[in-house]
Amino acid sequence: MERTTLDLWVGMFVVAGIGALVMLAMKVGNLGTYNVSETYQVHAYFSNIGGLKPKASIRSAGVLVGRVTSISLDTERYEANVVMSVDKRYQFPKDTFANILTSGLLGEQYIGLVPGGETEMIKDGDLLKQTQSAMVLEDLISKFMYSKASEPAKEESK
Amino acid sequence: MPAPALVEIRDLNFTYDKRPVLQGINMTFPKGKLVAIMGLSGCGKTTLLRHIGGALKPTRGYVKFDGQVMHELDAKGLYLMRRKMGMLFQFGALFTDMSVYDNVAFQMREHTDLSEEMIHNLVVMKLNAVGLRGAQHMMPSELSGGMARRVALARTMALDPMLVMYDEPFAGLDPISMTVIGDLIRSLNDALGATSIIVTHDIQESLKIVDYVYFMANGVIVAEGTPDELRACDTDFVRQFVHGEMDGPVPFHYPGVDYRQALNLRA
Amino acid sequence: MAVVKTISAIGHRIVDTVWRIGVAARFFFLTLLYSGNCLRRFHLVIKELFSTGVMSLIIIIVAGLFVGMVLGLQGYETLKRYGSESALGVMVALGLVRELGPVMAALLFASRAGSAMTAEIGLMKATEQISAMEMMAVNPIARIVAPRFWAGVISMPLLAALFSAVGIFGGYLVGVVQIGVDEGSFWSQMQAAVDFREDIMNGIIKSVVFGTVVTVIALFEGFDAPPTAEGVSGATTRTVVTSSLAILMLDFVLTAIMFRGA
């Protein structure tokens with residue numbers, strides 16, 4: 001085969017392969033929307049994290065602002081220590097509230113950040129003091145059943 | 001012979017798996033001459049060539065090429081020596097993934113910094129010498145056996161080697177191609193001032209072109225001399241070989257148990 | 001006695017295998033050592049990229065499309081039961097990018113390009129081309145093996161990426177165009193769940209490892225093949241079998257290392 005035709009084919013192959021990689025990175029992966037490198041770390045204690053997992057998203061007002069990096073049990077407090085990396089572009093006040101929320105009824109869990117009113121901003125390595133644990137479905141059901149049981153039985157009286 | 005020796009083999013012994021393949025070989029290949037090594041298949045001829053090329057280490061003795069003992073060289077020195085040699089393999093061993101042109105140009109591209117233009121001229125000259133200038137764009141698979149052998153010859157000569165070794169250059173060729181190859185070997189050797197070693201069992205063709213012949217059998221030299229001396233020679237072995245007789249010192253039967261015993265006959 | 005014979009036969013096999021692995025490892029290091037020449041004269045690699053990469057394109061694209069379409073169909077049937085059809089994109093993309101892309105592409109590569117490499121080098125050996133090259137003072141590992149090695153290592157991740165991309169397109173065709181899953185959630189959920197470093201980069205690393213292993217096995221088997229017709233055909237079979245097993249085993253090991261935390 002002629003050298004130039006060969007080069008052309010190989011060139012096309014390499015361009016197609018790299019194109020596929022870029023397409024995977026941009027359209028399939030999150031490289032287009034979310035930059036991993038520029039982050040700062042904060043952590044928070046939760047009494048119960050429910051089904052939260054590393055890599056779960058961190059959202060504020062529904063916008064993705066970071067990811068959970070690691071989860072471990074603090075044996076002094078017996079609470080879960082959750083480390084989060086948050087995009088540098090998004091700064092939050094010191095008294096920001098961290099909630100573990102669920103997307104949809106059975107969807108995956110994520111951390112929602114609700115900013116407070118302080119003027120001082122949170123720094124790398126800081127602790128978010130105000131947290132709310134995950135809703136555990138079993139607790140919810142048992143709460144509901146207890147409250148039902150303590151109510152006067154209207155249905156039966158009819 | 002007055003000409004100085006390019007290759008000297010002294011007391012060469014080689015043992016493979018405890019089986020002696022070569023025993024006490026002494027040979028001299030003077031510059032500019034065409035020397036044939038003849039013998040039956042499996043008598044150690046190819047092993048001898050591999051020693052000259054430095055691919056094997058002798059058990060005893062040495063091969064001296066251009067003043068250097070081959071098996072004492074390191075890998076780099078060996079490669080430098082091999083650049084002065086050319087070898088034509090039994091079936092040509094052309095690179096099947098390259099065209100005829102690229103095959104001949106191969107060593108020029110690997111070993112020299114010549115421009116493509118220079119290489120082109122050299123390749124055309126080499127191919128012209130073997131009469132295949134018109135076939136330069138063909139692939140080895142498109143060539144006939146004789147043509148492939150000629151291309152391989154052109155490739156062997158690409159860098160004008162001092163020593164050319166031919167491993168069975170006539171094997172599997174028709175009579176016309178055989179004569180063509182034989183003539184080319186002789187004329188190229190003389191034109192380039194090279195020294196040639198031909199390993200072959202095609203006696204009639206090679207006796208026509210060579211200057212000197214060594215006969216080997218079972219790893220030792222059994223006879224040597226110029227073609228005329230050998231034709232006149234009446235040693236049993238040489239006569240059997242030169243005239244192609246079926247039985248003689250080289251038996252027709254491979255050694256085995258007694259024939260009657262093998263047939264389960266009671267004596 | 002039969003027991004002793006069996007045990008010693010097993011021992012012999014193991015010793016033999018370990019010895020071969022050692023020789024192959026040495027071969028691999030020699031290949032790396034002699035790679036300088038072909039990287040300087042890169043057209044040698046380009047020529048091999050054609051026969052390994054470009055010639056594998058069709059099989060990779062067709063296989064990727066169908067694998068993606070099957071994933072779309074099967075994934076939809078499963079996800080429908082839980083009412084989460086919108087996660088179809090995630091399933092197809094993660095399955096392809098993490099596992100099926102690198103693994104399937106490597107298996108196809110082993111049987112398409114790997115076997116061809118073994119057969120080619122085995123035949124070169126059988127027809128004395130390799131000896132001829134050595135006699136021309138050209139190192140066959142530098143001239144024959146190294147360019148093919150680099151071509152394999154370069155083309156494997158590209159082929160795996162193409163496989164995944166085409167597969168995701170196949171899943172899109174079945175899921176969105178044919179079945180009618182919401183297009184927006186198909187892409188957005190995929191983007192939210194697929195992480196560039198964790199998933200895509202790890203997939204690429206996997207395919208580079210597979211490319212290296214398959215190419216080294218193919219080249220070694222070819223170089224090591226007995227110079228006869230049976231020798232070459234046996235070596236070609238061994239290339240496909242050994243490299244397929246190596247891909248699947250390595251895939252497990254790499255997956256365990258990479259995704260255990262998640």
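In what follows, every chain begins at residue 1, and chains take the letters A, B, ... in the order their sequences are listed.
Shown here for Met85(B) and Phe65(B), the closest heavy-atom pair between the two residues is CE-CD2, 3.7 Å. What you find for Met55(C) and Ser51(C) is that their closest heavy atoms are CB-O, 3.4 Å. Residues Pro102(C) and Leu96(C) come closest through the heavy atom pair CD-O, 3.6 Å.
Interface with chain B: from residues 29-49 of chain C, residues Asn37(C), Arg41(C), Lys47(C) qualify, criterion being any non-hydrogen pair under 4.5 Å. For a heavy-atom cut-off of 4.5 Å, chain B lies close to no residue in residues 6-23 of chain C. Using a 4.5 Å cut-off between non-hydrogen atoms, the part of residues 119-127 of chain C that approaches chain B consists of Glu120(C), Met124(C), Thr127(C). Of residues 132-162 of chain C, those residues with a non-hydrogen atom less than 4.5 Å from any non-hydrogen atom of chain B are, in numerical order, Ala132(C), Met133(C), Glu134(C), Met135(C), Met136(C), Ala137(C), Val138(C), Asn139(C), Pro140(C), Arg143(C), Arg148(C).
The cationic atom of Arg149(B) (NZ for Lys, CZ for Arg) does not lie both less than 6.0 Å from the six-membered ring centre of Phe170(B) and within 45° of the ring axis.
Distance CD1/Ile181(B) to CZ/Arg150(B): 7.0 Å, rounded to 0.5 Å. Remark: Met139(B) CE to Tyr101(B) OH distance equals 14.5 Å, nearest 0.5 Å. With rounding to the nearest 0.5 angstrom, the CD1 atom of Ile37(B) is 10.0 Å from the CD1 atom of Ile198(B). Here the CD atom belonging to Glu72(B) is positioned 12.5 Å from the CG atom belonging to Leu78(B), to the nearest 0.5 angstrom. Within the model, atoms CZ of Phe29(B) and OG1 of Thr195(B) stand 10.0 Å from one another, a figure rounded to the nearest 0.5 Å. Note: Asn189(B) CG to Ser196(B) OG = 3.5 Å, rounded to the nearest 0.5 Å.
With salt bridges taken as basic N to acidic carboxylate O contacts below 4.0 Å, one links Asp211(B) and Arg186(B). A salt bridge links Asp102(B) to Arg109(B): at least one charged side-chain nitrogen sits closer than 4.0 Å to a carboxylate oxygen.
Residue contact with chain B, scored on non-hydrogen atoms closer than 4.5 Å, involves the backbone and the side chain of Ser131(C) alike. Only the side chain of Met165(B) comes within contact range of chain C, with heavy atoms under 4.5 Å apart. Interface remark: Leu159(B) contributes no atoms to any contact with chain C (heavy atom separation under 4.5 Å).
With hydrogens and angles ignored, the 3.5 Å screen pairs a side-chain donor or acceptor of Asp174(B) with a backbone N or O of Ser177(B). Counting only distance, with no hydrogens or angles, the side chain of Lys206(C) and the backbone of Arg98(C) share a donor-acceptor pair below 3.5 Å. With hydrogens and angles disregarded, no donor-acceptor distance shorter than 3.5 Å links the side chain of Asp167(B) to the backbone of Val199(B). Side chain of Glu221(C) to main chain of Arg238(C): no donor-acceptor pair is present (N/O by atom type, distance under 3.5 Å, no hydrogens or angles). With Thr239(C) contributing its side chain and Gly114(C) its backbone, the two residues share no donor-acceptor pair below 3.5 Å.
Listed options Gly86(B), Gly54(B), Gly53(B), Ala93(B) were ranked by heavy-atom pairs under 4.5 angstrom with chain C; first place goes to Ala93(B). Of all the listed residues (Gln90(B), Met87(B), Gln107(B)), the one sharing the greatest number of non-hydrogen pairs under 4.5 Å with chain C is Gln107(B).
Of the listed residues (Asp160(B), Val151(B), Asn121(B)), just one forms a side chain to side chain contact (heavy atoms under 4.5 Å, CB included) with Lys126(B), and that residue is Asp160(B).
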* Leu12(B)/Tyr62(B) under side-chain contact (heavy atoms from CB on, under 4.5 Å): CA gap, chis, key distance, verdict -> CA-CA 6 Å; Leu12(B) 187 71; Tyr62(B) 64 86; over 6 Å; no
